[in-house]
Amino acid sequence: MAVAAWSCAAASGPVLEQMRLSEKGDERVRAVFELSAAPEHELFTLSDPERVVVDLADTALELDSLPRGGLVRRIRTGRQGDGTLRVVLDLKKAADTRSFVIGPGGGRGHRLVVDLLPQDGDGRRVVHSAADRERQVVVAIDAGHGGVDPGAIGANGTHEKDVVLAVARRLASILEDKPHLKPVLIREGDYYIGLRDRTRKADRQGADIFLSLHADASESSRVDGASVYALSLDGASSEQARMLARQGNAPDFISEISLQGRDPELQTVLLELSRGSTIETSLEMGNHLLTKLDLHADLLHGRVHQAGFAVLKSLDMPSVLIELGFITNPREERRLKDPNYQYKLAAGIASGVSEYARENLLPDLRQASGSREHVVHRGETLSGIARRYDVSTEKLRSANDLSGDRINAGAKLTIP
């Protein structure tokens, strides 16, 4: 079949320009769809034989070839009656699925990422390493600024460095109670640490995750809301992101750590980042954090934004910068000083980190017995969620008063 046969069918919508597959260990496979614009998509699985179906609304196809390998036996494409482009991944065995969309960055355009998590014959996710089951995920918690660098200063004199250190300590305390997570505080007191030294300390501690905590500032005292940022190699995804990157990079020696790529060592860092999947995994973790933060705080953005934060230039770990709120907003300044609100922010971050680690770094980790809750992410299916928690689809429907299998992103499901 000519792969590019559908190239003119949806000229006004996105164009699927490239597909690639990469293996991520434990037989997991990541399929990345490179598109000219943000896609509207639906993801579901079929069995006998095992297939993953991705429907892309109003999308044209301009591919020279379709990849295969690992868990994926082959990939097929077709056009539905309503013009939807259907991409079918024929699998060698059953797999759980999840998907998320990444905006332009790192020299690439829009990307739809679909993760395939294989199951064994009993419908449970495959995990091969006993060491992975026992090991702890090290979470580096970086409280921004410190010492001679107070960070942003609120209308009533509150220093950003004090707020973020307080939240960092509360976050570490919460994570210490989770058996598979080990927190490491990059800054434990009121002193200054350079941006390079922050990531170096995280590396020395063997960190798997890097979280940089900040409190935002704005010329307008009315702006409020928490936000999550990941690294961008091409530029910021919004004007607010550009402003924050300038503020965040300012305390250190910008001539040495600028993301413009003049420093030979940094050129190597950026090259490695562009080759790897660090940005993709950072955005994925950021989506988990946003979902949980939304339960406790107002959000400035409904998605993870990207900017050139020097402190996020780690090579081999998902890394995000979290703006806890606007300290220049008097109402939010009062909230950020409130120990109860600090705890809520820390609890939301801890929940998001725990969920991300459980699904990506410790794939066999199950929640404690009893009633559990799962927040539906875009691309997830009811049957896939049921398999993840080792419950039947029927029990999952009954526990949530569902008459069918249709679920919406953001919905909370009770896991029986």
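Sequential numbering from 1 along the given sequence is applied to the chain's residues.
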For the student: nearest non-hydrogen atoms of [X] and [Y], plus distance:
X: Leu71; Y: Ala95; value: CD2-CB, 3.9 Å
X: Ala350; Y: Ile174; value: CB-CG2, 3.6 Å
X: Tyr341; Y: His296; value: CE1-O, 3.6 Å
X: Pro183; Y: Ala172; value: CG-O, 3.3 Å
X: Pro318; Y: Tyr356; value: CG-OH, 3.7 Å
X: Pro14; Y: Ala57; value: CD-O, 4.3 Å

Quick one: pull up [atom1] in [X] and [atom2] in [Y] and give me the separation to the nearest 0.5 Å.
X: Leu85; Y: Leu35; atom1: CG; atom2: CG; answer: 9.0 Å
X: Ile186; Y: Gln205; atom1: CD1; atom2: CD; answer: 7.0 Å
X: Asp142; Y: Ile193; atom1: CG; atom2: CD1; answer: 7.0 Å
X: Leu89; Y: Leu46; atom1: CG; atom2: CG; answer: 11.5 Å
X: His288; Y: Thr291; atom1: NE2; atom2: OG1; answer: 7.5 Å
X: Arg76; Y: Leu66; atom1: CZ; atom2: CG; answer: 11.0 Å

> Got a sec: does the NZ of Lys344 have more than 12 other heavy atoms crowding it under 6.0 Å?
Replying inline: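 Count not over threshold, so no.
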Validation row: [X], [Y] side chains within 4.5 angstrom (heavy atoms):
X: Leu181; Y: Arg358; answer: no
X: Asp55; Y: Phe44; answer: yes
X: His110; Y: Ser36; answer: no
X: Val320; Y: Ser212; answer: no
X: Thr77; Y: Val88; answer: no
X: Leu290; Y: Leu299; answer: yes
X: Ile209; Y: Val138; answer: no
X: Val184; Y: Val139; answer: no

Please determine whether a side-chain nitrogen of the Lys or Arg among [X] and [Y] lies less than 4.0 Å from a carboxylate oxygen of the Asp or Glu.
X: Arg335; Y: Asp298; value: yes
X: Lys161; Y: Asp190; value: yes
X: Arg331; Y: Asp224; value: yes
X: Lys292; Y: Glu355; value: yes

> Of Arg20, Arg111, Gln18, which meets side-chain hydrogen bond (donor to acceptor under 3.5 Å, both in side chains) against Glu34?
Replying inline: Arg20
> So, Thr158 and Glu333: side-chain donor and acceptor under 3.5 Å apart, yes or no?
Replying inline: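 Indeed, the side chains of Thr158 and Glu333 share at least one donor-acceptor pair under 3.5 Å.
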>> Let's go through Leu165 and Leu185 carefully: what are the C-alpha distance in whole Å and the side-chain angles of both, what is the deciding distance for side-chain contact (heavy atoms from CB on, under 4.5 Å) to 0.1 Å, and is it a yes or a no?
In response: CA-CA 9 Å; Leu165 181 59; Leu185 285 171; 5.6 Å; no
Look at the side chain of [X] and the backbone N and O of [Y], then say whether any donor-acceptor pair between them is shorter than 3.5 Å.
X: Asp149; Y: Gly151; answer: yes
X: Glu323; Y: Asp216; answer: yes
X: Thr328; Y: Gly154; answer: no
X: Asn287; Y: Leu283; answer: yes
X: Arg198; Y: Ala143; answer: yes
X: Glu332; Y: Gly225; answer: yes
X: Glu160; Y: Ala215; answer: yes
X: Thr199; Y: Arg196; answer: yes

>> Using salt bridge (charged side-chain N to carboxylate O under 4.0 Å, His left out), reason through Asp203 and Arg200 one step at a time and then give a plain yes or no.
In response: CA-CA 5 Å; Asp203 285 333; Arg200 283 172 179 158; over 6 Å; no
>> For Ile349, run the side-chain contact (heavy atoms from CB on, under 4.5 Å) check against Val228, Leu175, Leu293 and tell me which one passes.
In response: Leu293
> So Arg86 and Thr59, side-chain contact (heavy atoms from CB on, under 4.5 Å) or not? Walk me through it.
Replying inline: CA-CA 9 Å; Arg86 172 160 290 182; Thr59 299; over 6 Å; no
>> Could you check whether Arg170 makes a cation-pi contact with Tyr343, meaning its NZ or CZ is under 6.0 Å from the centre of the six-membered ring and within 45° of the ring axis?
In response: no
>> For Val54 and Leu112: C-alpha separation, side-chain torsions, deciding distance, then whether side-chain contact (heavy atoms from CB on, under 4.5 Å) applies.
In response: CA-CA 10 Å; Val54 183; Leu112 167 63; 3.8 Å; yes
>> One pair to check against ring-ring contact (aromatic ring centres under 6.0 Å, His included): His214 and His145. What are the steps and the verdict?
In response: CA-CA 8 Å; His214 291 260; His145 308 282; 5.1 Å; yes
>> Assess the residue pair Val113 and Arg30 against the criterion (side-chain contact (heavy atoms from CB on, under 4.5 Å)); give the C-alpha distance rounded to whole Å, side-chain angles, the decisive distance to 0.1 Å, and a yes or no.
In response: CA-CA 7 Å; Val113 178; Arg30 169 162 288 180; 3.3 Å; yes
